[in-house]
Structure formats: structure tokens, C-alpha cells
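Taking it in order: structure first as C-alpha cells, then the write-up.
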Amino acid sequence: MSVALQGRSLGVPTAEPVARRVAAVTAWALAGLALAALVVHAAGGLGGHASDSFFDKWVYDGIIVGSAVACLARAALVRVERVAWLALGLAVAAWAGGEIYYSVALADVGIQPFPSWSDAFFIAFYPLCFVGFVLLARARLSETWASTWLDGVIAALAVSAVAAAFVFQLVLDSVHGLDGVLKIGTSLAYPIGDLLLLGSVVAVLALTGWRPGRTWAVIAGGLALAAVADHVYVYQTAKSTYVEGGLLDTMWPASMLLIAYAAWQPARPGVVRLDSWRRLALPVLFSLTAVALLVVNEVSGINDVAAGLAIATIVAIIVRTAWSLSENLRLLHSTRADALTDALTGLGNRRQLLADLERELEWTTLEDPRVLVLFDLDGFKGYNDTFGHMAGDTLLARLGRNLKAAVQPYGHSYRLGGDEFCMLVTSVPPGVEAIIAGAAAALTDQGPGFKVTSSYGVVVLPREAHETSTALQLADQRMYSRKEARPSSARRQSADVLLGVLREREPELHAHVEDVAELSLAVGRRLGMSDAELEELQRAAELHDIGKVAIPEEILNKPAALDAGEWEFVRRHTILGERILASAPALSPVARLVRASHERFDGQGYPDQLAGREIPLGARIIAVCDAFDAMVSSRPYSEPVDVTAALDELRACSGSQFDPEVVDAFVEELMARPGTPGAVGGMA
């Protein structure tokens with residue numbers, strides 16, 4: 001590594017930067033001394049009249065040429081804001097060109113032509129300067145609003161109106177004696193350019209929120225100095241009081257030197273404070289200024305240019321007010337959208353869901369329902385732990401887009417936070433199940449080492465819920481019930497372990513509980529049980545005989561009738577089943593159904609002699625299905641009966657042993673199945 005690079009890496013000044021700083025400081029010191037000498041010469045006659053030519057030509061022109069070189073060097077050497085400083089550098093160079101042409105070709109001429117090439121160079125300064133100002137403002141003020149630009153326009157118009165009221169009339173009077181469009185146009189170009197230049201200075205100050213910083217303060221001071229010098233020159237010329245070589249003449253090179261000095265200030269972006277009272281106070285001040293000028297025009301009269309600029313100021317203020325209202329409305333809309341949108345996926349958030357759900361619940365009817373579906377991702381935590389949170393956010397964003405595409409034709413999609421998503425189907429077609437399945441598929445992704453799926457809970461509105469909180473709670477319960485029913489869930493795994501034990505212990509008993517579970521689910525659906533209740537019913541039906549694993553095999557398979565002691569032992573299997581299931585937290589909700597599965601509707605059952613609706617509905621369903629399957633199945637102690645006889649027995653015990661409503665639903669379910677005697681399409 002070179003010495004120079006070592007110095008840079010350690011923060012030690014190297015020879016090259018130090019030399020540059022010394023050269024820059026020397027150049028600015030020489031420029032300052034030259035300007036000071038010019039001022040002293042104009043004020044006190046430094047060097048006497050013999051040195052007039054040296055100061056008026058060489059020093060004067062040298063300062064302006066050096067200023068142009070400094071601006072152009074800034075554009076050439078520094079990439080940041082290059083185009084803006086190129087325009088400003090060309091503007092100063094144009095002014096220098098006018099001064100040089102005047103010194104070389106016109107200074108010693110008795111009758112000077114008008115307009116001349118000097119005028120062309122001088123006038124070119126204005127548009128180039130305006131272009132540079134706009135480009136610099138756009139580069140420095142990256143977060144400006146349209147209203148801030150309008151503030152600049154208002155400030156420029158108001159200041160220009162005041163300047164025109166005091167100076168422009170003198171210019172108008174002076175052109176009456178001129179003949180030819182070119183002469184009149186050239187004479188008017190200077191004050192018009194000065195007015196726009198002065199207005200642009202004030203406009204930029206307004207755009208910075210009247211906190212310009214060093215660069216803007218220096219450059220605005222330089223351009224303001226040039227504008228003031230031009231206006232004083234016009235005034236003195238009109239009054240025949242202008243004296244060449246006086247202090248007024250030093251203002252132009254001073255203004256160009258300030259622009260050059262501003263070019264080498266650090267480029268720091270300005271920040272406009274939208275909450276500042278200045279943004280309201282200054283437009284009000286400028287509007288009052290414009291109104292005052294119009295009042296003066298009515299009383300004593302001012303020139304048409306000043307009056308027109310005052311009117312334009314008021315029009316700009318009206319436009320600014322309308323635009324500010326529009327900006328505020330857009331800001332309000334944007335704020336509201338941000339408050340209702342999930343930043344990661346772009347979907348509606350929980351607040352948006354609550355608002356939409358509240359609105360839909362007001363309009364929905366049984367004939368025109370809505371469907372709320374709550375999703376929770378399965379496997380996402382493992383994905384996040386394996387691949388990291390950045391990858392997890394990317395996956396959530398992708399799944400959110402997929403869900404939006406799947407749901408958009410039928411309703412709205414949301415991300416409630418974490419890995420929870422939701423959809424609200426507002427246009428419910430006949431095949432809404434396919435839409436739900438499509439949404440679940442949209443929230444599925446897999447690849448090497450991972451698989452992410454989703455569990456969901458469905459609520460139909462208003463049939464199942466009339467309030468927002470109830471709907472969300474019900475959907476959440478059903479979603480977690482479905483999640484628990486998955487093979488990977490703790491409840492499913494615990495149930496599978498116990499069913500495996502039951503299958504090894506009594507293969508025939510395992511087949512029996514499978515049949516009871518299938519029948520119980522069908523009856524539960526007929527009775528309108530929810531998804532969560534059905535899932536609980538299925539587990540209880542599968543495990544209602546799990547307590548029998550603790551009963552000796554010789555009792556269970558005894559071919560003869562059981563004695564009283566053996567029956568007492570058998571009747572304890574519901575309590576034993578409850579204890580086994582209660583020891584597994586995931587299955588504890590199922591335990592109460594298993595305990596009550598042998599209660600009777602008339603209160604003569606066991607173990608608690610519950611009666612009627614004291615018995616949980618799931619247990620009443622299991623009792624009917626268990627009895628039916630026991631009657632139609634072969635047992636060591638009894639021969640099977642046919643389906644018709646079994647159904648007759650259920651009807652005979654309806655109201656005593658069994659719940660009549662459950663028996664009716666069971667019979668309807670069985671009669672609806674092909675192959676059932678007496679069913680439509682069944683056996684004769």
C-alpha cells in the first residue's frame with residue numbers, strides 16, 4: 001500500500017490534499033485582496049487616477065473571470081450538482097464576456113453602440129442563472145412539495161411587484177425616447193431580468209423554509225447584490241447621477257465572487273419543515289403586500305407591470321391555498337392508507353379487517369351471506385428459524401401476493417400480523433369451498449428442507465355470528481381446531497398413540513371405534529355442530545373406549561354374561577378413559593365427553609347419572625352410535641342383529657336411554673345412505 005493510501009486509511013492528511021487546500025486558501029485570499037483593493041480604489045482613490053485603467057479593466061475583469069473559472073472548475077471536478085453549477089458557471093462566464101468585450105472594444109469609444117455585444121453577454125446571464133438556480137434547488141431540496149414551490153413563486157412575484165413599483169416606471173420613462181424594437185427590448189430586458197433574479201432569490205429562500213444554510217445564504221446574497229446594483233444603476237442613470245468607477249461598480253464583481261465562493265461550500269440537502277408557522281405567515285405577508293400595492297394603484301396609480309405582478313401574486317396565493325388543501329387531503333388519505341395497510345405484504349391489516357367486517361355485518365343477510373376465513377401458517381416458525389427473518393419476510397410477502405390474487409375476484413385479503421392471514425368473501429358464489437381451498441393453496445409453499453401450509457377456520461355471516469368479535473373468535477377457534485387435527489399436531493399425535501395402543505390390545509375394538517367415530521361425525525354435521533365441536537366429537541368417539549385397556553381381557557372377551565362385580569368393573573372404563581385422556585393436555589377437552597358417553601337420557605346411566613341436556617351433546621351422539629354399532633357387530637357375548645332391528649331398538653329406547661333428537665338425526669343419516677333397508681335406492 002502506498003504512503004498516500006496509508007495516510008488516507010488512517011485519517012492522516014496526505015501531501016496532495018494539503019497542497020490543494022493551501023492552493024484554494026491562497027486563491028480565495030488573493031481574490032479577497034483584489035476585491036478589497038478595488039473597493040478602496042473606488043472609495044478613496046487608491047493609486048490615483050493613473051491607476052483607473054488598471055483597476056477598472058484588469059482587476060475588475062480579473063475578479064469576474066476568476067469567479068467564472070471557479071464555478072466551472074466546481075462543475076468539472078465535482079460530480080454532485082454538476083449540471084447546476086455548470087449553468088451558473090456559464091452565467092458568470094457570460095457576464096465576464098460582456099465585461100471583457102466592453103473593456104476591449106467599447107470603453108474608449110466616444111459614442112457607444114446600443115445594443116452591443118456586451119448587452120448580449122449580460123442578458124445571457126439571466127436565463128443561465130435561472131436554469132442553474134432551478135437545478136440547484138431541485139438537487140438540494142429533495143423533499144419539497146408543490147406548495148413549497150408555490151410559496152417560492154408567491155415570494156418572487158410579491159418582491160418583483162414591489163421592485164417594479166419603485167424602479168420600473170423609471171425604465172419605462174427612459175425608453176420613450178428610443179426608436180427600434182431591439183433598443184426598447186434590450187432596455188427592458190435588464191429590469192425584467194433583475195426582477196426575476198431578485199424574485200428567484202426570495203423564492204429559493206422560501207423553498208428552504210427561510211433557513212437557507214451557508215451555500216444558499218452566500219449565493220442568494222451574491223445574486224441579490226447584483227440585482228440591487230442593477231436597480232441602483234437604472235435609477236441613477238434615469239436621474240443622471242451615475243458616476244463610472246464608483247462604489248456601485250464594485251458590487252458586480254463582489255456578487256460574482258460570492259457566487260463562486262458558494263460553489264465550493266459543502267453540498268448539504270435542505271429539509272423543509274412542513275409544520276413550521278413560517279409556511280403560513282410569509283404567504284400571508286406577501287398577500288398583504290400585494291393588496292397594499294393594489295390599494296396604492298387605486299389611490300395614486302403605479303405602473304401596469306407592478307399592478308400585474310401584484311394581481312399575479314394574489315392569484316398564486318389562491319392557487320396555493322387550493323393546492324395546500326389538495327395536499328392535505330392526499331396526506332390524510334396516505335396516512336389513513338398506511339394505518340390500514342400491512343407494510344410487508346400490502347394487504348389490509350387488522351384495523352382494516354375490523355372496519356370492513358363491521359360494515360359487511362350491517363348489510364349482510366341470510367340470503368346474501370359473507371364468509372370470513374382466518375388462516376394461520378403451519379411450518380413457518382421452522383422456516384424462519386432455518387433460513388432467517390429476512391427470508392421469512394420475503395416468504396410472507398410472496399404468500400400475501402398469492403392470497404390477494406386468489407381472493408381479489410371475490411372479496412378482500414388481510415394480514416393480521418405474524419403468520420396470520422384472513423380473507424372476507426363478500427361475493428359468495430355457490431362453490432365457495434373451492435375459493436377457500438384456493439386461498440389455502442395460495443398460502444402454501446415448499447422447497448428443499450421446508451414446507452409451509454396453512455390451517456383455517458370458516459365462519460358464515462350472519463348465520464353463525466352477528467358481531468365482529470364473535471365472528472373472529474369463532475373463526476379463531478375453528479382454525480386452531482383444524483390445526484390440532486393435523487397429523488403433526490399435539491392432539492392428533494396423542495390420539496394416534498392411544499389408538500395404536502387400543503389397536504394392539506383389541507383389534508376388533510379398534511374397528512368398532514372407527515365406525516363409531518365415522519357415524520358420530522355424520523350425525524354431528526346433521527345437528528349443525530361447528531368445526532371445532534366436530535373435531536372434538538371425532539376424537540372422543542375414537543377414544544370413548546380407551547379406558548377398556550385397563551380392563552382384564554378375560555372380562556372383555558367373556559362369552560357368558562357378566563356378573564355384578566364384573567359389570568361394576570366394566571362401568572369404570574369411562575372414568576379410567578377420562579383419567580388417561582386428562583393426562584395429555586392436548587386431549588383434556590375430549591375427556592369430559594368420554595366420561596359421559598354411557599350416561600342415559602333418563603338419568604339412569606353411569607358414572608354420574610346425568611340426565612337430558614346435562615349430558616354433553618357429543619356424548620349423547622356417541623351413545624347412540626356406539627349402541628347401534630354394538631348391535632350390528634359380532635361380539636363374544638352376543639350375535640349381531642340386522643340394521644332394521646337395530647333401528648327399531650334405537651327408536652324404542654328414544655327418550656329413555658337415548659336423546660330423541662339424536663336418534664332422529666341418526667335415523668335420517670342412515671336412511672340417506674345407499675344400502676340401508678328402506679332407504680331411497682337401498683335394499684328391498
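One-based numbering along the sequence shown. Note that these values count all heavy atoms, side chains included, but never hydrogens, waters or copies made by symmetry.
The closest donor-acceptor contact from the side chain of Ser597 to the backbone of Val594 lies under 3.5 Å. Between the side chain of Ser656 and the backbone N or O of Cys653, at least one donor-acceptor pair lies under 3.5 Å. Side chain of Arg415 to backbone of Gly418: a donor-acceptor contact under 3.5 angstrom is found. Panel note: side chain Arg370, backbone Asp368; a donor-acceptor pair is recorded below 3.5 Å. For the pair Thr444 (side chain) and Ala440 (backbone), a donor-acceptor distance under 3.5 Å is present.
Taking the side chain as every heavy atom from C-beta outward, Phe601 and Gln657 never approach each other to under 4.5 Å. Side-chain contact between Leu377 and Leu396 is present, with heavy atoms from C-beta onward closer than 4.5 Å. Contact annotation: the side chain of Glu599 approaches that of Asp608 to within less than 4.5 Å [non-hydrogen atoms, C-beta and beyond]. Put simply, the side chain of Leu650 reaches to within 4.5 Å of the side chain of Met631, judged on heavy atoms. Using a 4.5 Å cut-off on side-chain heavy atoms (C-beta onward), Glu360 and Leu461 make no contact. Side chains of Thr341 and Asn349 form no contact here, defined as non-hydrogen atoms less than 4.5 Å apart. Contact check for Ile621 versus Met529: side-chain heavy atoms found under the 4.5 Å cut-off. Counting only heavy atoms from C-beta outward, the side chains of Arg401 and Thr345 never approach each other to under 4.5 Å.
Heavy atoms only, all atoms of each residue included: Ala623 and Phe658 are closest at O-CE2, 3.7 Å. Across all their heavy atoms, Gly618 and Leu593 have their closest contact at CA-CD2, 4.3 Å. Considering every non-hydrogen atom in both Ala465 and Leu361, the closest pair reads O-CD2, 4.0 Å. The shortest non-hydrogen separation linking Leu521 to Leu534 is CD2-O, 3.4 Å. Pairing each heavy atom of Thr574 with each of Pro607, the nearest pair is OG1-CD, 3.6 Å. Across all non-hydrogen atoms, the minimal contact from Leu374 to Ala475 is CB-CB, 3.9 Å.
Between Glu362 and Arg359, no side-chain nitrogen of the basic residue sits less than 4.0 Å from a carboxylate oxygen of the acidic one, so the salt-bridge criterion is not met. Contact check on Arg526 versus Glu661 returns no salt bridge, with no Lys/Arg side-chain nitrogen under 4.0 Å from an Asp/Glu carboxylate oxygen. Ion pairing between Glu578 and Arg572 fails under the 4.0 Å rule for side-chain N and carboxylate O.
Between Phe666 and Phe628, the distance from one ring center to the other falls under 6.0 angstrom. For Phe450 and Tyr383, the gap between ring centers is short of 6.0 Å.
Between the CZ atom of Arg350 and the CG atom of Leu416 there is a distance of 4.5 Å, given to the nearest 0.5 Å. Atom OG1 in Thr470 sits 9.0 Å away from atom CG in Leu472 (nearest 0.5 Å). The distance from atom CG of Leu353 to atom CG of Leu372, rounded to the nearest 0.5 Å, is 6.5 Å. Put simply, CD on Glu420 and CG on Asp476 are 6.5 Å apart, with the number rounded to the nearest 0.5 Å. Interatomic distance, Gln408 CD to Leu403 CG, rounded to the nearest 0.5 Å: 10.5 Å. Residue Asn384 holds its CG atom at 11.5 Å from CE of Met390, rounded to the nearest 0.5 Å.
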Between Ile575 and Arg579, does a side chain to side chain contact (heavy atoms under 4.5 Å, CB included) hold up when you go through it step by step? CA-CA 6 Å; Ile575 298 175; Arg579 292 175 182 173; 3.8 Å; yes
Applying side chain to side chain contact (heavy atoms under 4.5 Å, CB included) to Leu424 and Tyr414, what does each step give before you reach the verdict? CA-CA 8 Å; Leu424 181 60; Tyr414 312 85; 4.0 Å; yes
Run the side chain to side chain contact (heavy atoms under 4.5 Å, CB included) test on Thr426 and Val371 for me, step by step, so that the C-alpha distance in whole Å, both residues' side-chain angles and the decisive distance to 0.1 Å come before the verdict. CA-CA 7 Å; Thr426 55; Val371 176; over 6 Å; no
Do Leu347 and Phe421 pass the side chain to side chain contact (heavy atoms under 4.5 Å, CB included) test, and can you show the C-alpha distance, the side-chain angles, and the key distance before you say yes or no? CA-CA 9 Å; Leu347 302 178; Phe421 291 84; 4.0 Å; yes
Please step through salt bridge (charged side-chain N to carboxylate O under 4.0 Å, His left out) for the pair Glu533 and Arg525, ending with a clear verdict. CA-CA 10 Å; Glu533 292 169 332; Arg525 291 193 185 96; over 6 Å; no
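A donor and an acceptor atom, one from each side chain of Asp378 and Ser455, are located under 3.5 Å apart.
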